[in-house]
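A quick write-up on the structure given underneath.
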There are 2 protein chains.
Amino acid sequence: MDFSQIELFDGISASSCRDMLICFGAEFDSFRAGETVCEYSDSPKRRVGILRTGRASMIRIDESGNETLLEEVEEGDIFGEVLCFGDGGDYIKLTCDEDCDVVFLKYDQITKRCEKACEHHSKLVANLFELMAKKTLSLGERIQLLSRRTTRDKLMYYFRLESARRGGEFTLPMSHTRLAEYLCVDRSAMVREIKRLSDDGLVAFDGKKVRIIAE
Amino acid sequence: MDFSQIELFDGISASSCRDMLICFGAEFDSFRAGETVCEYSDSPKRRVGILRTGRASMIRIDESGNETLLEEVEEGDIFGEVLCFGDGGDYIKLTCDEDCDVVFLKYDQITKRCEKACEHHSKLVANLFELMAKKTLSLGERIQLLSRRTTRDKLMYYFRLESARRGGEFTLPMSHTRLAEYLCVDRSAMVREIKRLSDDGLVAFDGKKVRIIAE
DNA sequence: TCCGTTTTGTTGCATTTGCAACATATATTG
DNA sequence: CAATATATGTTGCAAATGCAACAAAACGGA
């Protein structure tokens, strides 16, 4: 096992990694596209996951069967019920969009000093801190998006963000169906609104390509 | 200055605190209720704030003048543009609901090792990690709330959460006006929906007291 | 206490939205 | 290739929502 490429273990020697993996109760696992990494319905496992490779989606399904895309988890991201999406009663799962490699750490071991007092414990916490800061930012961005009142505003905010991130014209990184889940709006209503944006000359669409014309 | 009650400095001696405050570029400040702690419109200051005492609100005001309550910041919470609410272009400010005491730390100093290699640097990062985990949870909760499609669902989710947290009946911790901002819906529409919830016998209201009757 | 400000309650109305139901197109898989 | 599943485009309609406007109530200082 090569730890050096994993951001979480950055600056920690391989032998220290091995020590720590024991005291953190680390588990490595792999999943195929479409498989479920974990479910957060029942008993919390109190562990933190790090996505080493692949892409996955945190999805909530409510009583009515509505699916909501809570967040996209990408390479290097952390996830876990201890960190986010505390118990609201609904069924939540993490599903792989691609094949994924995952590490799990026991949350309680992270903040408490371990008995063996691994010398690199604190370095690992610092690394986790970085990952967490990244996540916090992306959650905050999500809130900014969802706090728009209308579908039109959500779409424009999303398009502007993607456009800024990728520089001008960009390709939608997901299907309409999924985008609707991401914006938390009805798909058909969203498509209707997209057409209006196009008619009003604010945004130009060419297949999955999007270009903002006017603010 | 007594550091011992501040969660951030938990487990760190007063003398180490003094050392660190220098290398972290720490600034202490106090604000009166109603005052603005900081604005995140223009140039990012790249610093992290910790609210030592008091309560404050992170508020966004968009071009149309709509105010959105992005998050409530309470005693011990951290805040800052580096951590959340990355640049979406809007004007964001943190306003005190009560008198507040605040510490600011330079973000870049946190993750980088300082030249003097303060021995307690890593302990402080671990403490920050805890604070951040708390924040991440609350942001995730917020996303769960905002991802409900209808005002009714948002209200019910909010009521259930508060009810669970405070055990049965509870008192609304904010005005209707502010709650509407928090749920990101129109106030009048929200009041209308509250009346419907009451009429439908799902929730009983008595002034600011709220009690859930049925799920 | 009085005055100005903020909050609350309410209503009408145009617009937006969710929802259900299709037909069609586009993968995906055996 | 055929068969099945999934995604897309579209529409009607009832319901929810945003918005504007206003009066009444509550609050907060001077």
Side-chain angles (χ1 to χ4, degrees), chain A residues 32-35 57 59 61-69 95-99 145-157 171-200 202 205-210, chain B residues 32-35 57 59 61-69 95-99 145-157 171-200 202 205-210:
Chain A
R32 301 245 142 209
E35 284 186 325
S57 301
I59 291 174
I61 304 175
D62 68 18
E63 324 81 41
S64 322
N66 281 321
E67 296 205 0
T68 304
L69 177 52
T95 306
C96 297
D97 301 322
E98 310 167 354
D99 293 359
L145 175 70
L146 293 180
S147 62
R148 312 286 149 170
R149 290 192 158 81
T150 65
T151 302
R152 167 174 284 232
D153 284 344
K154 286 179 180 176
L155 281 168
M156 284 308 286
Y157 183 81
T171 303
L172 275 187
M174 54 183 121
S175 72
H176 279 178
T177 306
R178 255 167 95 76
L179 180 58
E181 282 172 21
Y182 189 68
L183 305 186
C184 300
V185 295
D186 181 75
R187 181 187 60 85
S188 66
M190 185 192 80
V191 174
R192 203 155 28 187
E193 197 58 46
I194 284 182
K195 204 182 304 277
R196 280 187 203 132
L197 282 175
S198 176
D199 291 347
D200 294 352
L202 293 177
F205 300 91
D206 173 21
K208 282 214 174 308
K209 286 217 181 81
V210 182
Chain B
R32 302 244 142 210
E35 285 188 323
S57 301
I59 291 174
I61 304 175
D62 67 17
E63 324 80 41
S64 323
N66 281 320
E67 295 204 2
T68 304
L69 178 52
T95 305
C96 297
D97 300 323
E98 309 168 355
D99 294 357
L145 174 70
L146 293 181
S147 61
R148 313 286 149 171
R149 302 207 171 158
T150 66
T151 302
R152 167 173 285 231
D153 284 343
K154 287 180 180 176
L155 280 169
M156 284 308 287
Y157 184 80
T171 303
L172 275 187
M174 54 181 123
S175 72
H176 279 179
T177 306
R178 257 168 92 75
L179 180 58
E181 283 172 21
Y182 188 68
L183 304 185
C184 300
V185 295
D186 182 75
R187 182 187 59 85
S188 67
M190 185 192 79
V191 174
R192 204 155 26 189
E193 197 59 46
I194 283 182
K195 202 183 305 275
R196 279 188 205 130
L197 282 175
S198 176
D199 291 346
D200 295 351
L202 292 178
F205 299 91
D206 173 22
K208 283 213 173 310
K209 287 218 181 82
V210 182

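Per chain, numbering begins at 1; letters A, B, ... match sequence-line order. Note that the structure is a prediction, hence the values are computed from the model and not measured.
With sequence neighbours left out, A:Arg192 forms a salt bridge (Lys or Arg N to Asp or Glu O under 4.0 Å) with no residue at all. Under the side-chain contact (heavy atoms from CB on, under 4.5 Å) criterion, B:Ser198 pairs with B:Phe205, not counting sequence neighbours. Checked against side chain to side chain donor-acceptor pair (under 3.5 Å), B:Glu98 has the following partners two or more places apart in sequence or in another chain: B:Arg55. Evaluation of the side chain to side chain donor-acceptor pair (under 3.5 Å) rule for A:Thr151 yields no partner, not counting sequence neighbours. Applying the side-chain contact (heavy atoms from CB on, under 4.5 Å) test to B:Lys195 and every residue at least two apart in sequence or in another chain returns B:Asp199. Considering only residues two or more places apart in sequence or on other chains, A:Glu181 meets the side chain to side chain donor-acceptor pair (under 3.5 Å) condition with none of them. Applying the side chain to side chain donor-acceptor pair (under 3.5 Å) criterion to B:Arg187, with sequence neighbours excluded, gives no partner residue.
One atom, CG of A:Asp200, and another, C1' of C:dT16, lie 14 Å apart when rounded to the nearest Å. Atom P of nucleotide C:dT29 and atom CZ of A:Arg32 are separated by 12 Å, given to the nearest angstrom. A straight line from CG of A:Asp186 to P of D:dT10 spans 15 Å, rounded to a whole angstrom. Remark: C1' of C:dT16 and CE of A:Met190 are 15 Å apart, rounded to the nearest angstrom. The distance from atom CG of B:Asp153 to atom C1' of D:dT17 is 14 Å, rounded to the nearest whole Å. Following rounding to the nearest Å, A:Arg148 (CZ) and C:dT17 (P) show an atom-to-atom distance of 15 Å. The distance from atom CZ of A:Arg152 to atom P of D:dC19 is 13 Å, rounded to the nearest whole Å. Whole-Å rounding puts the B:Ile194 CD1 to D:dT17 P distance at 12 Å.
Overall, the helix from C:dT1-D:dA30 to C:dG30-D:dC1 carries an axis bend of 70° between its ends, with five pairs at each end and the value rounded to 10°.
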In B/S/- notation (B base, S sugar-phosphate only, - none; protein heavy atoms under 4.0 Å), nucleotides 4-11 of chain C written 5' to 3' is ---SBBBB
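Listed here is the closest heavy atom pair of B:Tyr182 and B:Leu146: O-CD2, 3.9 Å. Taking all atoms of both residues into account, the shortest heavy-atom contact from B:Lys208 to B:His176 is NZ-N, 4.3 Å.
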Is there any protein nitrogen or oxygen under 3.5 Å from a nitrogen or oxygen in nucleotides 25-28 of chain D, and what are the pairs?
none

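Under the 3.5 Å distance criterion, the side-chain polar atoms of A:Asp99 are left unmatched by any main-chain donor or acceptor of A:Arg32. Using a distance-only test at 3.5 Å, with no hydrogens or angles considered, a donor-acceptor pair links the side chain of A:Asp186 to the main chain of A:Ser188.
For the pair B:Thr151 and D:dT17, the criterion of a side-chain N or O lying under 4.0 Å from OP1 or OP2 is met.
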